[in-house]
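Basis for what follows: all heavy atoms, side chains included, without hydrogens, waters or symmetry-related copies. Proteins come first, then strands; the chains are lettered A, B, ... in the order of their sequence lines, and each starts at number 1. Small disclaimer: the values here were computed from a predicted structure and weren't measured.
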Amino acid sequence: MFKKRAVLAVIVSLIVVGSSTFGTLMYLDRRDYRNYLQNQYQKNLYDVISNVENLQVALSKATVTASPRQSLILFGEIWKESSAAQDKLNALPITHVAISQTSKFLSQVADFSLALVRANNRGQELTDEEWKNVEKLKDFSGYLSMQLKALQQEVSDGKIKWGEIKHKGRKLFAGNIQNTVDVKFEGIASEMQQYPTLIYDGPFSENVLNIKPRILSEKKITLEEAKKIAAQVIGKEKVQETSLYSNKTGEKIPCYAIAVKIKGRKDSDINIDISKNGGKVIYMLDSREVKEAKIKMKDAIEKGTKFLEKLGYKDMIPTFSLRYDNVAVINYVYVKNKVVVYPDQIKLKVALDNGDIVGIESQHFLIAHYDRKIQSPKITLKDAKKSVSNRLNIKNIRLCIIPMESLREVFCYEFYGDYNGEKYIIYINAFDGEEERILKILETPNGELTM
Amino acid sequence: MKKINTILIPLFIVYFIADIITQSLFLKSYSAVISYNVGSNNSKVKQIESKLKQLGFFKGNPDNYYGTDTREAVKKFQRSRGLKIDGITGNATLKALGLSDNQGNNNSSSSKSSQKTAQSADINLLSRAINGEARGEPYVGQVAVGAVIVNRTRDPRFPRTIAGVVYQPGAFTAVSDGQINAKLEDSSLKAARDAVNGWDPTSGCVFYYNPAKTTNKWIWSRPVIKIIGKHHFCK
């Protein structure tokens, strides 16, 4: 009896000791992780602060420099510091609403300064408007730097703690929601909203953010008409039923979002969006399983071209094709008067088992396409060639229009060639002979460039 | 409590031992390496040389012999493709040349998995994010989630890279709860490719939420642009 109790007591105490040791170890472990995470956040915050400080210094130096070379270096520095600040800021555990304005500010400053570097490089002087903007950006970065430092002070004093992410569920019970990093950043955001509208040659410029699609100028169609168009695109004989899959539709290009049931198919529908204006396909996706490839790439490209003609897109040429498993993804661009218009681009997916079109992507085309006036180049081909490195072994030359990051379109000579077994495409401005862009063709076993 | 512990502890021990054993087993298993080097003499060498010639790296006439000229051409090719530069045509180089064997001793399952790992890092991560966030959604819904991530990289309010967007703290539930590491389904990879190639069923949205699960007031105040499956998409 006594022995039995002793054994029990030993077992129980072993369990107690074991589980409490386990618990303590777990607690220590957890504390280590928490500290590690907090330190990471803390480091990011310090980095953001020093980036923004450097940014402000560089911006103020830029306002007083007279030497173009010096300003080239300064704008390069601004670009670097603001990109880094934006990157670090987005790695902090703060809700999107709170930091989006600050993030946008840093993105645009980075972009704007890169555009200025490019302009400077071309020998263009900054306009008065641009100088004024630089001045304003300096003030805003000064404000941001001050606020961040105040925030950092409060964090290190322990008044504010990281970890809203972890304690989201407990927020209801938290007494002082006022003292969170989120709230602090929301305060900064309202001030940051007032920085000037920046228009420049870069992807985040306001004129890119607010572009209006060209297709919107066309006539509106009804739902019934849209359904008919959808059936025509997919093939009337295959269609069993059409319905709307979303009654809310896009705002950029308003559309009818149509799901098409295919005869004899159970699981997957085909989704196709038809624009309300002009009744054009915005995108189509068929997710059916594609069996073993029987069709060659060349024939697939041809089938795609014919399909586009059927849709009413004439004068489209293939520029690039990729093959994934048994599906070919082919890019087509519009050609007018032998000039390749790269902004007007449509992508098709062709199933290589039976040649069906299983995907259409023409949003870019619908946004960009209009009846352009094709100008003639101001500099001769011979002069343009002088701007191309003589190391490039040129294989093909043609005229084209390329979209810049700001969506501004540039008329260029396109030189396609190779150097050391690697393929390059170089674009030379057909008006001033400036080298606009260099593309390197990255070859993968499943991609092929068609020129 | 006691009973549970007495069952659990041995279980844990067994589990750890099993884990160590399986890990060491995996370390030992490696695939056979096929390679061609100077001195190799067979018909595959001719294939390699003709492919290199087609790509502009090899100048001579393709034959069955792997000479020093072949080695130099292979080195150039490897440099251009970012492969290890050793002049030896191994599995990786064969693959980059598009000449890897399918009829060899690789069985079908291993070649399939190697196809999956041969993705670019961005597509790989994007397909993982789609897999974690939108498994079980209709296919367009998966492409749409991918498109939202791609759209964010082009929005000044968000990070500029796919990794930055996916791993932004608190941005995606699947990242916070580890669902992103779940087993990858084929459709997620397909959807990721479509999204990267420009298919965007959301027409430019940068947010989405599942109305059944979201309590965030701010997101509810956004105008909904599209509804696909369980998700509401907005700007």
J.: Looking at A:Tyr324, I'd like to know if the NZ or CZ of B:Lys190 sits under 6.0 Å from its six-membered ring centre while staying within 45 degrees of the ring's axis.
T.: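 Output no; distance or angle outside limits.
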J.: Can any side-chain N or O of A:Ser103 pair as donor or acceptor with the backbone N or O of B:Pro156 at less than 3.5 Å?
T.: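 Yes, the answer is positive, given that a donor and an acceptor are paired below the 3.5 Å cut-off.
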J.: Using ring centroids (six-membered ring only for Trp), state whether A:Phe112 and A:Trp79 fall under 6.0 Å.
T.: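 Aromatic pair excluded; centres sit 6.0 Å or further apart.
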J.: Heavy-atom cut-off 4.5 Å, strictly under: side chain, backbone, both or neither for A:Ile99 against chain B?
T.: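 Side chain only.
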J.: Measuring heavy-atom distances to chain A, does B:Val143 have an atom under 4.5 Å in its side chain, in its backbone, in both, or in neither?
T.: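 The answer is the side chain of B:Val143.
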J.: Identify which part of B:Phe233 has an atom lying under 4.5 Å from any heavy atom of chain A, answering side chain, backbone, both or neither.
T.: neither
J.: Between A:Arg265 and A:Asp286, is there a side-chain N and carboxylate O pair less than 4.0 Å apart?
T.: yes
J.: So which residue, A:Ser362, A:Ala91, A:Ala257, A:Ala110, ends up with the most heavy-atom pairs under 4.5 Å with chain B?
T.: A:Ala91
J.: With a 6.0 Å cut-off on ring centres, are B:Phe207 and B:Trp218 close enough?
T.: yes
J.: Does any heavy atom of chain B fall under 4.5 Å from the side chain of A:Asp87, the backbone, both, or neither of them?
T.: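 Neither part.
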J.: With only heavy atoms counted, which part of A:Lys88 is less than 4.5 Å from chain B, the side chain, the backbone, both or neither?
T.: neither
J.: Do you know which of A:Glu422, A:Lys349, A:Gln108, A:Gln345 has the most heavy-atom pairs with chain B at a distance under 4.5 angstrom?
T.: A:Lys349
J.: Heavy-atom pairs under 4.5 Å with chain A - which of B:Ile219, B:Ile228, B:Asp155 has more of them than the others?
T.: B:Asp155
J.: Relative to chain A, which segment of B:Asp194 carries a heavy atom at a distance below 4.5 Å: side chain, backbone, both, or neither?
T.: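 Only the side chain of B:Asp194 comes within 4.5 Å of chain A.
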J.: Does any heavy atom of chain A fall under 4.5 Å from the side chain of B:Trp199, the backbone, both, or neither of them?
T.: both
J.: For B:Tyr208 and B:His231, take the angle between the two ring planes, folded into 0 to 90°, and tell me which bin it lands in: parallel under 30, tilted 30 to 60, perpendicular over 60.
T.: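 Ring orientation of B:Tyr208 relative to B:His231: tilted.
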J.: Would you call the rings of B:Phe57 and B:Phe77 parallel, tilted or perpendicular, taking 30° and 60° as the class edges?
T.: perpendicular
J.: Checking heavy atoms, do the side chain of A:Asp418, its backbone, both or neither come under 4.5 Å from chain B?
T.: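 Nothing of A:Asp418, per the 4.5 Å heavy-atom cut-off to chain B.
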J.: Parallel under 30°, tilted from 30 to 60°, perpendicular over 60°: which one fits the rings of B:Phe158 and A:His96?
T.: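 Parallel, since the angle between the ring planes stays under 30°.
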J.: Check each atom of B:Pro138 against the heavy atoms of chain A and say whether the ones under 4.5 Å are side chain, backbone, both or neither.
T.: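 Neither; nothing under 4.5 Å.
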